[in-house]
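Structure record follows, encoded as structure tokens.
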Amino acid sequence: MRLWNKHLLCGVMISLLVGCHSRPIDQGQQYKDGHITEDLLLVNQPNAQGRPVNAKDFSEQVAFISQSAPRLYKNNSSTFDAVQNWMLAGGETSKLNLFNLHAYQMEGVDNYGNVQFTGYYTPILQARRVKQGEFKYPLYRMPPKSRYRLPSRAEIYNGALNPNLVIGYSRSLIDNYLMEVQGSGYVDFGDGGPLIFLGYAGKNGRAYRSIGKLLIDRGEIAQEDISILAIRKWIESHSEAEVRKLLEQNPSFVFFKPEVYAPVRGASAVPLIAKASVASDKRLIPPGTTLLAEVPLLDKQGKFTGQYQMRLMIALDVGGAIKGHHFDIYHGIGREAGMIAGFYNHYGRVWVLKKEQPAMLMVNQ
């Protein structure tokens with residue numbers, strides 16, 4: 001069940017079959033069929049098979065932009081409209097030019113078009129408003145501004161913050177940590193009331209260190225096996241003291257602010273639709289940019305199947321670890337979405353779609 005109302009643009013109810021090709025490689029990094037010499041290279045048409053499968057979700061995402069970020073919508077509306085008209089006409093990449101749409105292929109992380117995809121999601125935590133039994137791990141509001149540096153994660157775990165900053169108590173230290181990594185989440189306080197959205201309120205200003213990379217560097221999880229599931233399995237086989245010691249290796253700490261009936265929003269203040277929105281490096285891909293992406297399909301174990309799915313997505317969020325030719329795909333709400341998001345560290349191709357603007361009239365000089 002969606003946690004916000006659906007807003008669909010009329011007429012766009014297209015369900016298209018995926019086009020795919022099969023050359024299985026574990027992370028989908030397979031393209032070597034053409035060296036790309038620019039960050040964004042204008043091509044006559046994308047060398048992709050199939051048609052986008054998510055026209056309805058794309059239109060819903062555009063509608064949310066129109067309602068929540070009018071300026072962002074205005075700056076990109078001509079492209080949004082052209083893309084939706086293209087999809088209504090069948091969504092064939094060979095016909096983009098009929099709708100004055102230009103496709104700019106991203107060079108990828110290796111100059112052969114291999115763009116990195118990771119995933120993120122919105123967790124739901126079980127918590128209580130007061131400390132009781134297994135509910136003993138605090139979630140904190142942002143401390144008031146001070147001239148003093150905020151404490152590190154280890155110091156916070158040792159009680160360095162004022163108890164008045166506590167929003168509630170969960171029953172899992174790692175669930176708290178993963179919600180910090182995602183930047184926001186929902187909390188069920190178990191009192192029959194609505195879910196409370198904990199939005200991102202700020203950080204303690206300390207450098208971020210990935211616990212996944214630490215486990216890889218220590219030889220406890222193989223690099224090709226790293227995922228949220230693998231990290232959880234490691235945690236289940238170690239003591240609470242060992243888990244806490246691992247988490248303390250990341251001094252960065254995230255604070256939250258509670259909101260009632262709030263949808264999941266990205267940095268652009270727009271409600272996010274699963275698999276129709278991404279976090280990007282805004283220096284390369286600014287907010288509101290429309291993307292045509294060839295995304296690797298994974299099996300239930302998170303392995304690349306050799307098949308790809310074409311999706312339309314919009315850049316609406318940012319992330320500290322999202323740099324260059326790398327996108328973080330939003331996967332939705334809850335544990336299942338988290339499992340799928342945690343599997344993604346794969347490669348596909350991406351084209352930026354832009355409507356061709358009329359040439360500017362030259363003036364006499």
Side-chain angles (χ1 to χ4, degrees), residues 9 38-42 46 48 52-84 86-87 96 101-109 113-122 182-184 200 263-296 309-332 337 341 344-355 357:
L9 294 188
E38 301 175 33
D39 273 345
L40 296 165
L41 181 66
L42 179 63
V53 300
N54 66 331
K56 186 175 81 169
D57 287 343
F58 177 80
S59 292
E60 187 174 356
Q61 188 64 86
V62 169
F64 278 135
I65 296 172
S66 174
Q67 296 156 13
S68 304
R71 180 177 296 179
L72 186 67
Y73 177 78
K74 180 180 179 181
N75 291 341
N76 296 278
S77 60
S78 61
T79 295
F80 294 155
D81 290 344
V83 169
Q84 290 179 99
W86 168 64
M87 286 302 304
L96 283 168
L101 285 167
H102 280 174
Y104 297 83
Q105 185 171 3
M106 298 185 67
E107 68 176 358
V109 298
N114 290 294
V115 175
Q116 183 182 10
F117 292 113
T118 51
Y120 72 114
Y121 74 110
T122 305
Q182 303 307 316
S184 63
Y200 176 85
V264 180
R265 298 177 186 267
S268 298
V270 176
L272 303 180
I273 300 298
K275 299 182 185 179
S277 60
V278 296
S280 68
D281 183 344
K282 64 181 181 181
R283 296 171 299 180
L284 178 63
I285 304 295
T289 299
T290 297
L291 308 167
L292 179 65
E294 196 173 54
V295 182
Q309 190 176 63
M310 295 293 292
R311 285 190 167 273
L312 288 165
M313 299 188 286
I314 303 174
L316 291 171
D317 210 352
V318 298
I322 311 304
K323 305 295 183 186
H325 294 251
H326 175 190
F327 293 102
D328 212 16
I329 302 173
Y330 179 63
H331 278 80
Y344 266 93
N345 187 12
H346 293 69
Y347 297 85
R349 293 188 285 204
V350 174
W351 296 265
V352 171
L353 299 183
K354 287 185 177 294
K355 184 175 181 181
Q357 300 300 321

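Side chains of Ile314 and Val278 form no contact here, defined as non-hydrogen atoms less than 4.5 Å apart. Leu41 is not listed as a side-chain neighbour of Glu107, based on a closest heavy-atom distance of 4.5 Å or more. The shortest side-chain heavy-atom distance between Val62 and Gln84 falls under the 4.5 Å cut-off. The shortest side-chain heavy-atom distance between Ile329 and Arg311 does not fall under the 4.5 Å cut-off. Considering only heavy atoms from C-beta on, Ser277 stays 4.5 Å or farther from Asp317 through its side chain. Residues His325 and Asp39 are in side-chain contact: their nearest non-hydrogen atoms beyond the backbone lie under 4.5 Å apart. Annotation: side chain of Val53 is not in contact with side chain of Met310 (no heavy-atom distance under 4.5 Å). The shortest distance between side-chain heavy atoms of Arg265 and Ser68 falls below 4.5 Å.
Closest heavy-atom contact between Ala293 and Val350: CB-CG2, 4.1 Å. Of all the heavy atoms in Thr122 and Ser184, the pair that sits closest is CG2-O, 4.4 Å. Taking all atoms of both residues into account, the shortest heavy-atom contact from Trp86 to Pro52 is CH2-CG, 3.9 Å. The heavy-atom pair separating His331 from Ala337 by the smallest distance is O-CB, 3.4 Å. Closest approach of Gly183 and Tyr200 over heavy atoms only: O-CB, 3.1 Å.
In terms of modelled atom types and a separation under 3.5 Å, the side chain of Asp281 and the main chain of Gly324 share a donor-acceptor contact. Without hydrogens or angle criteria, Thr79 side chain to Lys355 main chain gives a donor-acceptor distance under 3.5 Å. Remark: the backbone N or O of Asp328 is not paired with any side-chain donor or acceptor of Tyr344 at under 3.5 angstrom. Looking at Gln61, its side chain does come within 3.5 Å of a backbone N or O of Pro271 through a donor-acceptor pair. Of the possible polar contacts, one joining the Gln182 side chain to the Tyr121 backbone as a donor-acceptor pair under 3.5 Å is found.
Listed by chain and number, the residues in a side-chain contact (heavy atoms from CB on, under 4.5 Å) with Leu40 are Tyr104, Met106, Ile285, Val352 (sequence neighbours excluded). Remark: Asn114 pairs with Asp110 by the side-chain hydrogen bond (donor to acceptor under 3.5 Å, both in side chains) rule, at least two apart or across chains. The side-chain contact (heavy atoms from CB on, under 4.5 Å) search around Ser268 returns Leu72, Val270, Pro287, Leu316, not counting sequence neighbours.
The number of heavy atoms from other shown groups lying within 6.0 Å of NZ (Lys74) does not exceed 12.
Here CD1 of Ile322 is found 7.5 Å from CD of Gln116. Values are rounded to the nearest 0.5 Å. The line from CG of Leu312 to CG of Leu292 is 5.5 Å long, rounded to the nearest 0.5 Å. Rounded to the nearest 0.5 Å, atoms CG (Asn75) and CD1 (Ile65) are 11.0 Å apart. Taken from CG in Leu101 to OG1 in Thr290, the straight-line distance is 9.0 Å, to the nearest 0.5 Å. Atom CD of Gln105 and atom CH2 of Trp351 lie 5.5 Å apart (nearest 0.5 Å).
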side-chain contact (heavy atoms from CB on, under 4.5 Å) between Asn54 and Ile273, intermediate numbers included = CA-CA 11 Å; Asn54 66 331; Ile273 300 298; over 6 Å; no

Between Val295 and Met313, is a side-chain contact (heavy atoms from CB on, under 4.5 Å) present by the stated rule, with each step listed?
-> CA-CA 11 Å; Val295 182; Met313 299 188 286; 4.1 Å; yes

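Taking the six-membered ring wherever Trp is involved, the centroid distance between the rings of Tyr330 and Tyr120 falls below 6.0 Å.
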